[in-house]
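One structure below.
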Amino acid sequence: MSHFLDIHKTDPGDLRAMIDQARVMKDARAGLPKGTPDADRPLENHMVALIFEKPSTRTRVSFDVGVRQLGGQSMVLSGSDMQLGHGETIADTARVLSRYVDLIMIRTFEESTLLEMAEYASVPVINGLTDRTHPCQIMADVLTFEEHNGPIKGKKVVWTGDGNNVCASFLHAAGQFGFDLTFAGPETLDPEAEFVDLARAQGSKIEIERDISKAVIGADLIVADTWMSMHDAQSAREGRHNQLAPYQVSEQVMDQANDDALFMHCLPAHRDEEATTAVMDGPKSVIFDEAENRLHAQKAVMRWCLGV
Ligand code: CP
Ligand code: NVA
């Protein structure tokens, strides 16, 4: 049994195998109606619980559809409707759910909730986003990059804006997949030093650059995310906007990167804030491939967790 808690906690060979398997599964489904099960049904007779303590469109639908394509069954649970949201401990919830289901995916606030779920569950647990990381997103992003531009190893990724949970998982992936990452954002929103140091220790070149025009020189991929994450206090909004406005990804910014550079955003986006609509809908944007690839990447993650 394997939990998928974070990219830096997962064996690099296993990560590579998941990306490759995701691509094979995606290719095998080309042109089929979305509801068609895969030819092999490795999750047949498996029940999956998808728990959300925060809103979601992509994670919720892609996991649900992915389970069904793999031949399994899923239930989507809202944390606030569960006893979990009314004082039952995570540990008890984990032990109870493990009697009913074969796999648990949870989107939550504190990382400690995820870790406690994994500690007490006797079935695999998948991180569907915490305040600190979002590993499933970056699995989809690596798949998307490689589909368009080949191996990500040795490439330069530029993260713009807030050094948030998605940025953290990108840093983890830099170390594990062997690419470089430049953070372009204000000092107050730097990514966690622990994650920067870890990627550097694994041999990745990680740079912190305050000037976005300098950061994007030589970039193969430019990434933006919302300036306010779901866990951020609304009182931070105005300050964030003032600090992050200089890091908006515009066509001028994209033009300073390599000619074949791609633009990614995990979505949901605030159009014309972190990136302009012209970039998001422009020829270098692969945002909807990214969204689709959540499905294929997570199917590989679930198979790895269950060893099927
Ligand atoms: N990118 C992402 O995780 O989207 P949702 O919040 O819609 O799941
Ligand atoms: N950083 C964002 C990602 C949403 C998918 C958030 O945590 O709200």
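Keep in mind it's a predicted model, so treat the numbers as computed, not measured. Residue numbers count from 1 along this sequence. Read the numbers this way: they start at 1 and go in the same order the structure lists the ligands and their atoms.
- Heavy-atom proximity to T57, at under 4.0 Å, picks out these atoms of ligand 1: 5 (P), 7 (O), 8 (O).
- In terms of protein heavy-atom proximity, atom 8 (O) of ligand 2 is closest to M230 N, 2.8 Å.
- Using a 4.5 Å heavy-atom threshold, the side chains of V76 and F52 count as touching.
- Looking at L267 against ligand 1, only its backbone comes within 4.0 Å, counting heavy atoms.
- Not a single heavy atom of D162 sits closer than 4.0 Å to an atom of ligand 2.
- Under the 3.5 Å distance criterion, the side-chain polar atoms of N293 are left unmatched by any main-chain donor or acceptor of L143.
- For ligand 1, none of its N or O atoms has an N or O atom of M230 under 3.5 Å away.
- Of the possible polar contacts, none joining the R41 side chain to the N45 backbone as a donor-acceptor pair under 3.5 Å is found.
- The shortest side-chain heavy-atom distance between P186 and L244 falls under the 4.5 Å cut-off.
- For ligand 2, the polar-atom distance check against L267 finds no nitrogen or oxygen pair separated by under 3.5 Å.
- The ring of H270 has its center no closer than 6.0 angstrom to the ring center of W227.
- The shortest N or O to N or O distance between H134 and ligand 2 is not below 3.5 Å.
- Residue contacts with ligand 1: H134 is placed with a nitrogen or oxygen under 3.5 Å of a nitrogen or oxygen of the ligand (distance criterion only).
- Scanning all protein heavy atoms for the shortest distance to atom 2 (C) of ligand 1 gives R294 NH1, 3.2 Å.
- At least one N or O atom of D225 sits closer than 3.5 Å to an N or O atom of ligand 2.
- With T226, V166, N165 as candidates, the residue nearest to atom 7 (O) of ligand 2 on a non-hydrogen basis is N165.
- For ligand 2, the polar-atom distance check against S229 finds a nitrogen or oxygen pair separated by under 3.5 Å.
- Relative to the six-membered ring of F179, K153 misses at least one condition, a distance below 6.0 Å or an angle of at most 45° to the axis.
- Looking only at distances, no side-chain donor or acceptor of H134 sits under 3.5 Å from a matching main-chain atom of N165.
- Proximity to C266 (heavy-atom distance under 4.0 Å) selects the following atoms of ligand 1: 1 (N).
- Looking at H172 and T133, their side chains come closer than 4.5 Å, going by heavy atoms from C-beta outward.
- Ranking protein heavy atoms by distance to atom 4 (O) of ligand 1, first place goes to R58 NE, 2.9 Å.
- Using a 4.0 Å cut-off between heavy atoms, K54 makes no contact with ligand 1 at all.
- By the 4.0 Å heavy-atom criterion, R107 is counted among the residues contacting ligand 1.
- Linking ILVMFWY side-chain heavy atoms closer than 4.5 Å, directly or via other members, places V67 and M25 in a single hydrophobic cluster.
- Using a 4.5 Å cut-off on side-chain heavy atoms (C-beta onward), C305 and V301 make contact.
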